[in-house]
Chemist: 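Here it is, the structure in full.
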Amino acid sequence: MKVSVEIITGTFIDADVSEDTTVKELKEKIAAEVKLPVTRLILVIGDEETRRMVMEDEDDMMLRDLGVGEDSHMYLFFKHPDLVSEEEESKGGEEDDDDPMEEVSSEAESPRGNEEEDEKPKIDGEEKDQAMKDEEEDSDEKVEEDEEAKQNEKDGEAK
């Protein structure tokens, strides 16, 4: 099946996976593409009403068990490298360090400069979900306003 993963930077990754593919296998495929370690990847699945972040303890679940099917659309976010380091330290180094992705690719991160990123407040978890919903609502309102303006223009020409 084909799934589409939208990266927060606006680029897409189309991945061909089987129904038996696990979340971890998909993350590994994506990690190779974006040149980042799997531990930095955060997947968000579901449609507008059921959108949620895939938790780390769900990495061994099959995509189909999470409701991912043919032509599903997912979002990909990145954990800050410092956050990943803190998590690894708090686990006491119990995870194997067999992750082949050691270099961090700046290309996979946002193309904006650091100055612009520093101005924006950092958000995570539920705040990201709410921010995405707010953006969608703003976009929907803008489309409605544009359509209304076009209709008013047509009405004005008809008179």
Side-chain angles (χ1 to χ4, degrees), residues 1-140:
M1 72 180 165
K2 189 173 220 160
V3 295
S4 179
V5 181
E6 183 176 353
I7 301 175
I8 193 167
T9 59
T11 56
F12 287 82
I13 296 174
D14 291 323
D16 252 337
V17 295
S18 75
E19 289 183 354
D20 297 332
T21 300
T22 64
V23 171
K24 184 176 183 176
E25 291 168 339
L26 177 60
K27 283 183 176 180
E28 288 169 348
K29 195 172 214 175
I30 294 168
E33 186 87 20
V34 297
K35 298 178 180 71
L36 286 172
V38 172
T39 55
R40 296 247 346 252
L41 306 183
I42 301 169
L43 273 180
V44 176
I45 61 170
D47 58 21
E48 285 184 35
E49 293 82 33
T50 62
R51 192 168 293 143
R52 70 177 185 86
M53 186 170 61
V54 178
M55 305 309 286
E56 286 180 24
D57 62 349
E58 296 176 304
D59 277 356
D60 292 328
M61 292 186 71
M62 291 184 198
L63 294 174
R64 71 166 178 244
D65 295 337
L66 294 172
V68 176
E70 181 72 29
D71 294 325
S72 286
H73 186 99
M74 295 176 245
Y75 296 92
L76 180 69
F77 296 90
F78 305 112
K79 287 184 188 175
H80 192 278
D82 293 343
L83 180 61
V84 173
S85 298
E86 288 173 13
E87 287 174 357
E88 288 172 354
E89 286 174 14
S90 68
K91 289 181 183 178
E94 65 189 47
E95 290 204 13
D96 294 337
D97 193 21
D98 61 355
D99 198 341
M101 304 292 176
E102 298 224 1
E103 293 294 316
V104 174
S105 170
S106 61
E107 296 164 10
E109 303 288 347
S110 173
R112 297 176 295 204
N114 287 341
E115 311 81 39
E116 208 175 304
E117 211 169 283
D118 290 340
E119 294 172 15
K120 291 189 173 186
K122 303 246 185 273
I123 58 174
D124 62 342
E126 291 180 14
E127 292 174 344
K128 279 185 186 176
D129 291 342
Q130 186 59 46
M132 286 176 23
K133 286 179 185 174
D134 292 345
E135 265 184 50
E136 288 175 9
E137 289 173 5
D138 291 346
S139 177
D140 291 345

Chemist: Closest heavy-atom contact between Leu41 and Ile30?
Modeler: CD1-CG2, 4.1 Å
Chemist: Please determine whether side chain to side chain contact (heavy atoms under 4.5 Å, CB included) holds for the pair Ile45 and Arg52, giving the CA-CA distance in whole Å, both sets of side-chain angles, and the decisive distance to 0.1 Å.
Modeler: CA-CA 6 Å; Ile45 61 170; Arg52 70 177 185 86; 4.2 Å; yes
Chemist: Scan residues 16-50 for pairs that pass ring-ring contact (aromatic ring centres under 6.0 Å, His included), counting only residues two or more places apart or in two chains.
Modeler: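 Residue pairs with at least one partner in residues 16-50: there are none.
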Chemist: Looking at Lys2, is its backbone amide N or carbonyl O close enough to the side chain of Glu70 to form a donor-acceptor pair, meaning the two atoms are under 3.5 Å apart?
Modeler: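 Checking the backbone N and O of Lys2 against the side chain of Glu70, a donor-acceptor pair under 3.5 Å is found.
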Chemist: Could you state the interatomic distance from CE (Met1) to CD (Glu19), rounded to the nearest 0.5 Å?
Modeler: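 Rounded to the nearest 0.5 Å, the CE-CD separation comes out at 5.5 Å.
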Chemist: Evaluate side chain to side chain contact (heavy atoms under 4.5 Å, CB included) for Val54 paired with Met61, printing each intermediate quantity in order.
Modeler: CA-CA 10 Å; Val54 178; Met61 292 186 71; over 6 Å; no
Chemist: With sequence neighbours left out, which residue pairs that include part of residues 18-50 fulfil the ring-ring contact (aromatic ring centres under 6.0 Å, His included) condition?
Modeler: none
Chemist: Which pairs count as ring-ring contact (aromatic ring centres under 6.0 Å, His included) when at least one residue sits in residues 12-45, sequence neighbours excluded?
Modeler: Phe12-His73
Chemist: Where do Asp59 and Lys27 land on the side chain to side chain contact (heavy atoms under 4.5 Å, CB included) test, with the steps shown first?
Modeler: CA-CA 9 Å; Asp59 277 356; Lys27 283 183 176 180; 3.1 Å; yes
Chemist: Under the side chain to side chain contact (heavy atoms under 4.5 Å, CB included) rule, what do Thr39 and Lys79 come out as? Steps first, then yes or no, please.
Modeler: CA-CA 8 Å; Thr39 55; Lys79 287 184 188 175; 6.0 Å; no
Chemist: Under 4.5 Å between any side-chain heavy atoms of Met53 and Phe77, yes or no?
Modeler: no
Chemist: Regarding Asp47 and Thr50, is there a side-chain donor-to-acceptor distance under 3.5 Å anywhere?
Modeler: yes
Chemist: Does atom CD (Glu6) have a neighbourhood of more than 12 heavy atoms from anything else shown, all under 6.0 Å?
Modeler: yes
